[in-house]
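Remarks on the structure that follows.
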Amino acid sequence: GRLLENHLVAEGYNVISVAKGREAMSIIDNIEDIDLVLINLFIPDISGIELCTYIRKIKSPHQLPTLMLTSSIKSEELVLSFRAGANDYLISPAEKTELLARVRTLLSLKEYYQENSELNNRINSTTKKMADLTDDINRVMEMDMLKTEFFSNISHELKTPLNVIWTSVQLLKSLNN
């Protein structure tokens with residue numbers, strides 16, 4: 001508890017510490033910019049597994065990573081933690097360097113996921129704009145083709161009577177000579 005919190009604060013992290021799982025639920029529900037949750041597997045009022053399951057119902061592992069803290073090395077507890085949606089686990093008491101390394105890794109992965117998601121959104125938006133522009137270009141090309149066909153038809157329709165008139169004028173000229 002306190003020692004882990006002190007390590008994180010010393011590294012410049014803002015830490016909200018609670019004693020009970022329901023308090024954590026309330027904070028998670030009411031504060032948007034939480035970057036990471038460290039969950040003690042054995043907390044008063046609800047289990048760490050229940051808290052992790054609750055978090056996963058509202059946030060994906062990429063949106064809000066969770067690091068499960070346990071004093072147990074029983075594999076079934078670790079498996080349950082991962083099934084509940086934990087991103088990682090740490091056996092406590094944990095060394096400061098291992099704690100900070102895992103925290104940094106989870107925060108980096110979250111940041112990379114967010115950047116990737118933003119880039120994908122930009123790609124999708126640009127792809128949509130390109131598709132719209134392609135549709136516009138196709139419409140303009142179709143209109144240009146119709147315009148060309150229209151003027152070709154008009155030209156043909158105008159040439160026929162003009163040819164008749166021209167021929168008639170030439171005939172009249174030749175008769176007058």
Side-chain angles (χ1 to χ4, degrees), residues 8-9 11-16 18 21 23-39 48-68 78-90 99-177:
L8 293 169
V9 168
E11 289 296 311
Y13 294 107
N14 293 324
V15 177
I16 300 171
V18 297
E23 287 178 76
M25 287 175 168
S26 177
I27 288 171
I28 291 164
D29 286 339
N30 295 306
I31 299 176
E32 272 300 310
D33 61 346
I34 297 174
D35 292 316
L36 174 69
V37 179
L38 278 69
I39 304 171
I49 301 291
E50 288 174 281
L51 177 57
C52 193
T53 300
Y54 175 80
I55 292 169
R56 285 301 158 247
K57 287 180 182 175
I58 54 176
K59 301 274 186 174
S60 76
H62 304 295
Q63 293 170 317
L64 185 57
T66 55
L67 177 61
M68 195 66 74
L78 298 178
V79 169
L80 286 173
S81 296
F82 286 121
R83 282 191 185 147
N87 294 72
D88 200 358
Y89 72 94
L90 189 59
L99 167 71
L100 295 175
R102 289 179 188 261
V103 165
R104 280 189 207 106
T105 298
L106 289 172
L107 292 174
S108 292
L109 289 172
K110 176 185 178 179
E111 185 178 322
Y112 296 145
Y113 177 81
Q114 286 174 334
E115 288 174 9
N116 185 47
S117 182
E118 288 168 14
L119 288 173
N120 279 334
N121 289 340
R122 287 175 52 195
I123 288 170
N124 291 338
S125 174
T126 302
T127 301
K128 167 110 176 68
K129 287 177 186 174
M130 287 179 61
D132 291 346
L133 287 173
T134 301
D135 290 346
D136 290 348
I137 289 169
N138 288 338
R139 277 193 296 279
V140 167
M141 289 175 64
E142 186 179 332
M143 291 173 138
D144 187 56
M145 211 169 69
L146 290 171
K147 179 195 76 163
T148 302
E149 187 179 318
F150 173 76
F151 283 125
S152 174
N153 288 339
I154 289 294
S155 174
H156 176 73
E157 294 300 320
L158 286 175
K159 277 185 181 177
T160 303
L162 285 176
N163 280 340
V164 170
I165 293 170
W166 177 255
T167 306
S168 299
V169 167
Q170 292 304 317
L171 181 61
L172 286 173
K173 273 186 171 179
S174 69
L175 289 176
N176 281 338
N177 289 338

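Reckoned from all heavy atoms, side chains included, excluding hydrogens, waters and symmetry mates.
- Summarising the local packing, CD of E115 is surrounded by more than 12 heavy atoms from other residues, nucleotides or ligands at distances under 6.0 Å.
- Contact between N87 and P61 at its shortest, heavy atoms only, is ND2-O, 3.1 Å.
- Scored by the side chain to side chain contact (heavy atoms under 4.5 Å, CB included) test, Y113 finds H62 as partners (sequence neighbours excluded).
- Between M143 and K147 there is no side-chain heavy-atom pair separated by less than 4.5 Å.
- Distance check: I137 CD1 to D144 CG gives 13.0 Å after rounding to the nearest 0.5 Å.
- F82 CZ: more than 12 foreign heavy atoms inside a 6.0 Å radius.
- Under 4.0 Å is where a charged nitrogen must lie from a carboxylate oxygen, and between D135 and R139 no such pair does.
- Taking both residues in full, the closest heavy atoms of L99 and L67 are given as CD1-CD2, 4.4 Å, listed atom of the first, atom of the second, then distance.
- L90 contributes atom CG, which lies 12.0 Å from atom CE of M68 (distance to the nearest 0.5 angstrom).
- Nearest heavy atoms, A24 versus L51: CB-CD2, 3.8 Å.
- Side chain of S152 to backbone of T148: no donor-acceptor contact under 3.5 angstrom is found.
- The distance from atom CG of L8 to atom CG of L100, rounded to the nearest 0.5 Å, is 6.0 Å.
- Distance check, rounded to the nearest 0.5 Å: CE of M25 to CG of N30 gives 13.0 Å.
- Of the possible donor and acceptor atoms, none in the side chain of R56 sits under 3.5 Å from a partner among the backbone N and O of A84.
- Closest of all the heavy-atom pairs between V37 and I39 is CG1-CG1, 3.5 Å.
- Between T66 and C52, the closest heavy-atom pair is OG1-SG, 3.7 Å.
- Taken to the nearest 0.5 Å, the CD atom of Q114 stands 11.0 Å off from the CG atom of N116.
- Under the 4.5 Å side-chain criterion, counting only non-hydrogen atoms from C-beta, Y13 is not in contact with L36.
- Listed by chain and number, the residues in a ring-ring contact (aromatic ring centres under 6.0 Å, His included) with Y54 amount to none (sequence neighbours excluded).
- Put simply, OG1 on T53 and NZ on K57 are 7.0 Å apart, with the number rounded to the nearest 0.5 Å.
- Heavy-atom neighbours of D29 CG from other residues, nucleotides or ligands within 6.0 Å: above the threshold of 12.
- Annotation for I28 and I34: closest pair CA-CD1, 4.0 Å, computed over non-hydrogen atoms.
- Here the side chains of K129 and D132 are not in contact, with every heavy-atom distance at 4.5 Å or above.
- Using a 4.0 Å cut-off between charged nitrogen and carboxylate oxygen, E32 and K59 count as a salt-bridge pair.
- With hydrogens and angles disregarded, no donor-acceptor distance shorter than 3.5 Å links the side chain of S125 to the backbone of N121.
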